[in-house]
Every structure is written in C-alpha cells, then in structure tokens.
Amino acid sequence: MSRIAPLSGFPELLPAQRAVEREVIASLSRTFELHGFANIETRVVEPIDRLAKGGEVDKEIYVLQRLAAEPDAKAELGMHFDLTVPFARYVLEHAGHLEFPFRRFQVQPAWRGERPQEGRFRQFTQADVDIVGRDELPFHHDIEVMSVMVDALSRLAIPRLSFQFNNRKLIQGFYRGLGIDDVTDAIRVIDKLDKLPADEVARMLVERVGTTPEQAQRCLELATIRVPDDSFVERVRALGVSDELLDQGLDELAAVVRGCRAVAGDRVDVEANLRIARGLDYYTGTVVEVFMAGYERLKSVGGGGRYDALASDGRTTYPGVGVSFGVSRTLIPLITDGVLSGSRPVPSAVLVALNTEDDRAVSTQVASALRSREIACEVAPSPAKFGKQIRFAERRGIPFVWFVQPDGSHQVKDIRSGEQVDADPRAWTPPEEDVRPTIISTATPSSTARDTEENQ
RNA sequence: GUGGGUAUAGCUCAGCUGGUAGAGCGCCGCCUUGUGGUGGCGGAUGUCGCGGGUUCGAGUCCCGUUACUCACCCCA
C-alpha cells in the first residue's frame with residue numbers, strides 16, 4: 001500500500017492518457033480558431049461576492065486564503081466554478097480594449113466542491129466558446145456560435161453526440177399564451193420530466209405552480225415534442241396557443257436547428273427538443289444541451305445558450321451567447337472504459353541506440369539530425385545489449401530504433417514488424433501516423449446509442 | 001449534506017469457525033557474449049489503511065477513525 005492516497009475528485013492522467021486530452025484540446029482550439037475565435041485565459045480566483053450570486057453552487061465554492069491570514073479573517077477569494085462568470089468579469093474589466101462583438105474561446109479547469117462521481121469531478125476542464133456584444137448582439141450569432149461547437153465536436157473521435165436545442169422565448173411565450181404566471185417555476189418542474197413520470201409532473205404543475213390541469217396538459221404536450229428538423233413549428237402551432245414571443249422563439253429555434261444541421265457531419269445529431277430548459281435562469285433565448293450516445297448516465301456533456309445580460313456595468317449591457325463542453329466529464333469516462341487511448345506514453349518516435357558510452361556523441365548527432373527535421377527522438381540511456389535497448393523502446397511504445405553500424409553507416413528498425421533498413425539521418429522520415437502520439441479510438445461514426453450500450 | 005460498500009505485493013485479487021502472508025500479471029536475473037517479443041529456470045517486494053479493544057495468539061472478531069468508492073441531490 002502506497003503512502004500516497006489519491007484525492008477524490010482531482011483526477012490525474014498518465015502520460016498516454018494525457019496525450020489524448022492534449023490532442024482533443026488542440027483539435028478543439030484549432031477549430032475555434034478556424035472560426036475566428038481568439039483564446040483568452042482568465043485568472044483562477046475571483047472575489048467571492050462576484051462568484052456567489054445566491055445560487056446553489058455557492059457552498060461548493062473552493063476558497064483561497066493565505067495560511068497566515070488572521071484566524072477570524074473572512075475569505076475574499078474563491079476559485080471559479082465555471083468559465084462564464086470569470087468571462088463576464090473579464091469583459092467588464094477590459095471592455096475598453098476589446099472589439100465587439102467579441103469572440104473568444106477558453107479551455108481551463110474549474111473547481112466545484114461536489115461529491116465526485118463518474119464524469120463529475122472537483123477539478124475539471126471545460127472548453128467554452130462565446131460571442132458577446134455591446135448593448136446588442138444580433139440573433140445570427142446564436143446560429144454561429146452553436147455551429148462552431150457542432151463543427152469542433154464533430155471532428156473528435158468520440159461516440160456520437162446529440163445537440164438538443166430549445167428556446168426560452170418559445171417556452172415563455174407558450175406559457176404566457178396559456179396564461180401561466182410563474183414561468184420560471186413551471187420550467188423548473190418540466191425539467192424533472194426525465195426523472196418523474198408525466199402524470200407526476202402534471203400534478204406538480206397544478207399543485208406547486210398553480211396551473212389548471214388543462215394548462216399542465218398543454219405544457220406536457222409541448223415538452224414531448226422532439227424532432228430532428230424544423231417540423232416542430234407546425235406541431236407547436238397545432239397546439240393552438242398564440243403569442244408574439246412564442247412566434248419569435250419558434251423562428252429562432254428553427255433557424256438554429258437548420259443552421260447546425262448544415263454543419264453537422266455524420267458524428268453529430270441535431271434536434272429540437274422542447275423539454276430542454278436548463279436550470280439556470282439567466283438564459284433568455286436559445287438553449288442547448290449536448291448528450292453522448294451510450295453515456296446518457298453522464299447527463300449532458302455540454303450546454304449553453306443565449307443570455308441578454310451576460311454582464312452589465314450599470315450603463316452598458318453586454319449580451320452574449322455561448323456553449324461549453326465538459327472536456328474532463330467526456331474524456332475521463334471514455335479513457336477509463338478504453339474507448340480512447342493514447343498510441344504511446346512518450347513523444348519519441350525514434351530511440352537512437354548507443355553502442356558504447358564513448359559513442360554517445362555519435363548517437364547524439366543522429367538525434368540532432370532527426371530533430372532538425374521535427375522528428376521527436378531520444379538517445380538510449382545506457383549502452384546495454386541491443387536486446388535491452390530494443391526492449392526499452394518497446395516498453396515506451398517508441399516504434400523505431402536507430403543503429404549506427406561499426407562502419408559508420410546507419411540502419412533503422414521498425415520494432416513492430418522487425419524490418420530493419422539502411423537509412424540516412426538527414427533524410428529518413430517515419431510514416432506520418434508515427435510522427436506523434438495519436439488517439440486510438442474504438443468509437444466509430446456509425447456507432448449508435450444502442451451499439452455503444454451493448455459494447456459495455 | 002444523507003445512505004451503502006471497500007481497504008492485503010507495482011496492478012487485479014484470494015486468505016474458511018482466529019494459529020504467524022499467498023496467486024496471477026508485472027518487474028529483475030539466467031538459459032541467450034551485442035537485435036526485443038514466445039518458451040524454460042530462478043529471484044526480489046508487504047507497518048494486511050490508521051488507532052484502540054478482546055485473546056496465549058488478530059489480516060480474520062469488536063469499537064473508533066481516515067481514505068477510496070457507489071447511490072441520492074445537483075451540475076460540465
């Protein structure tokens with residue numbers, strides 16, 4: 001038993017696993033940049049009164065304090081529990097130096113003191129993309145930012161994802177048209193649909209929100225609409241509720257679904273799901289939750305939406321729209337299940353063998369020649385028997401071993417096939433797929449939820 | 001925060017109604033005096049989570065404690 005015990009909820013990856021995470025983050029970043037989003041990194045801490053706005057997450061905030069602080073001193077700094085709150089502060093603080101609409105992406109850890117579980121950690125990495133405007137932000141940015149995430153995630157070799165969209169205006173307009181007063185509370189109850197049976201939810205609407213049984217029934221009918229295209233518009237209209245805000249919500253949702261379908265490849269589904277609400281009350285239009293096939297138990301692996309007041313300094317309001325992807329939540333279960341793995345735990349593509357300790361300079365020169373052409377390599381640690389040196393490479397997943405012959409010529413051996421050929425350190429190049437550690441994925445584009453479940 | 005489970009070698013685990021610590025895999029060496037993987041032979045490794053109690057004797061029983069883990073709650 002080792003003295004060092006793991007800390008629950010603070011996952012650490014082994015080198016090959018970390019290679020997977022790094023490649024995923026690099027891929028996401030490349031796509032975000034392809035769409036013109038700039039990267040920022042915000043500080044880890046925020047003043048606690050800015051983080052704690054009276055929500056449930058308040059007590060989960062990790063506090064940062066000097067060890068030498070006065071015993072009765074009240075902590076002033078807390079670690080951020082998402083990337084949206086720090087971003088809102090960043091926008092206000094640097095508004096004078098930013099160009100609006102401001103498009104940024106951010107990949108950083110966040111901290112939350114919840115009980116850890118599968119896909120749920122106390123320290124976890126998130127990838128956020130947002131667009132924020134000054135005073136106003138045209139609706140087409142909703143389509144844009146959602147499309148960016150659809151594009152980014154569709155490039156990952158992970159199980160099939162489903163983007164499920166809804167629109168707060170649609171819900172609010174519908175409820176208002178029905179004559180329901182407390183829209184927020186009604187939404188919160190409808191959100192329980194995936195846990196409670198429909199009649200139970202209907203009863204709660206009547207008892208807790210004060211709707212009539214007829215109103216509750218219409219709410220349920222709306223919430224059960226789920227289609228992969230804009231045909232939901234007709235189905236909602238068929239429910240016979242009319243409201244100006246409802247019409248606007250229908251138009252927006254239809255546009256988002258159409259726009260995202262256009263960029264979704266064969267790895268990503270796009271749907272309108274009128275039960276999606278999101279618990280947070282600052283969303284004002286588009287809302288989205290992302291689910292992964294075979295991993296429905298993780299709940300959403302991403303989510304976001306439109307907020308008309310991301311930030312405000314009292315004079316200027318900054319509306320925003322964005323979506324966030326749970327990097328740790330998604331990747332760690334996939335790595336644990338063996339769906340994703342790294343091809344090797346070291347970057348080296350070549351191990352340069354060492355004949356004798358006196359020959360180290362010769363081997364180092366070979367390594368330099370390879371490195372000058374961007375080939376990652378390392379020199380063997382000791383002039384052990386070649387069998388040992390090959391085994392050293394094998395253990396680390398290094399695919400090639402380089403030998404300097406007694407006559408000064410060179411040979412390189414692919415230790416997987418055993419094939420050994422003459423080679424020139426100034427010209428030889430490994431096959432493209434061996435240059436860097438890569439992600440090995442058993443998830444296929446055609447895999448469906450059922451396939452993945454059966455494989456578990 | 002509430003409730004359950006678990007804690008023994010690097011890893012996965014066995015260890016009966018209490019009798020002095022085990023397997024597989026991995027690791028190291030040799031067979032194999034300069035090209036690995038298969039095979040054979042040999043070898044090393046444990047505060048049995050921690051503290052207390054019962055007992056002639058505790059990995060095993062009792063109490064406490066800590067950590068991990070699963071479920072609920074909630075979220076990425």
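In what follows, chains are A, B, ... by sequence order, proteins preceding strands, each numbered from 1.
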Polar-atom pairs under 3.5 Å, protein N or O versus N or O of nucleotides 67-70 of chain B: list them with distances, or write none.
| from | atom 1 | to | atom 2 | distance (Å) |
| --- | --- | --- | --- | --- |
| B/C68 | OP1 | A/Pro6 | O | 3.4 |
| B/C68 | OP1 | A/Ser8 | N | 2.5 |
| B/U69 | OP2 | A/Ser8 | OG | 2.5 |

Inset, instruction - Any chance you could lay out the ring-ring contact (aromatic ring centres under 6.0 Å, His included) test for A/Trp111 and A/Phe121, step after step, and finish with the verdict? - result: CA-CA 8 Å; A/Trp111 291 267; A/Phe121 311 99; over 10 Å; no
Legend entry - Distance between P atoms of B/A58 and B/U69 (Å, rounded): 32 Å
Inset, instruction - Would you name the heavy atoms of A/Ala367 and A/Cys377 that are closest together and state the gap between them? - result: O-SG, 3.5 Å
Legend entry - Candidates B/G29, B/A76, B/U35 - which lies nearest the side chain of A/Ser300: B/A76
Between protein and nucleic acid, restricted to nucleotides 38-40 of chain B and to nitrogen or oxygen atoms under 3.5 Å apart, what atom pairs and distances do you find?
none

Legend entry - Distance, C1' atom - from B/U45 to B/C11, rounded to whole angstrom: 13 Å
Legend entry - RNA chain B contacts among residues 392-407 of chain A, heavy-atom distance under 4.0 Å: A/Glu394, A/Arg395, A/Phe403
Legend entry - Of the listed nucleotides B/U35, B/G36, B/A76, the one nearest the side chain of A/Gln420: B/U35
Inset, instruction - Identify whether any heavy atom of A/Leu354 sits under 4.0 Å from a base atom; if not, whether one sits that close to sugar-phosphate; answer base, sugar-phosphate or nothing. - result: base
Inset, instruction - Have a look at A/Thr84 and say if it touches a base, only the backbone sugar-phosphate, or nothing, with a 4.0 Å heavy-atom cut-off. - result: nothing
Inset, instruction - For A/Gly322 and A/Asp130, work out which heavy atoms get closest and say how close. - result: CA-OD2, 3.1 Å
Inset, instruction - Fit a plane to each ring of A/Trp428 and A/Phe400, take the angle between them on a 0 to 90° scale, and name the class: parallel (under 30°), tilted (30 to 60°) or perpendicular (over 60°). - result: perpendicular
Inset, instruction - Examine B/U33: is either OP1 or OP2 under 4.0 Å from a nitrogen or oxygen in the side chain of A/Lys385? Give yes or no. - result: yes
Legend entry - By side-chain contact (heavy atoms from CB on, under 4.5 Å) - contacts of A/Asp269 (at least two apart): A/Arg160, A/Ser162
Inset, instruction - State whether the distance check finds a donor on one side and an acceptor on the other, under 3.5 Å, for side chain A/Gln389 versus base B/U35. - result: no
Inset, instruction - Evaluate the side-chain proximity of A/Leu153 to A/Phe325: yes if any heavy-atom separation is below 4.5 Å, no if none is. - result: yes
Legend entry - A/Phe124 ring over B/A76 six-membered base ring, under 5.5 Å and 30°: yes
Inset, instruction - Represent RNA chain B in dot-bracket notation, 5' to 3'. Only Watson-Crick or G-U wobble pairs with both distances under 3.5 Å count; pseudoknot-style crossings use [ ] and interstrand partners use |. - result: (((((((..((((.....[..)))).(((((.......))))).....(((((..]....))))))))))))....
Taking only nitrogen or oxygen atoms into account, show me every contact under 3.5 Å that the protein makes with nucleotides 43-45 of chain B, one pair per line with its distance.
none

Legend entry - Integer angstrom distance from the C1' of B/C13 to that of B/A71: 25 Å
Inset, instruction - Round to the nearest Å and state the distance from A/Lys388 atom NZ to B/U32 atom P. - result: 16 Å
Inset, instruction - Between B/U20 and B/G42, how far apart are the P atoms? Round to whole Å, please. - result: 25 Å
Inset, instruction - With P as the reference atom in both, quote the distance from B/A76 to B/G24 in angstrom, rounded to an integer. - result: 49 Å
Inset, instruction - May I ask you to say what A/Asp82 touches in the nucleic acid, namely base, sugar-phosphate or nothing, with a heavy-atom cut-off under 4.0 Å? - result: nothing
Inset, instruction - To the nearest Å, give me how far apart CG (A/Leu14) and C1' (B/G10) are. - result: 13 Å
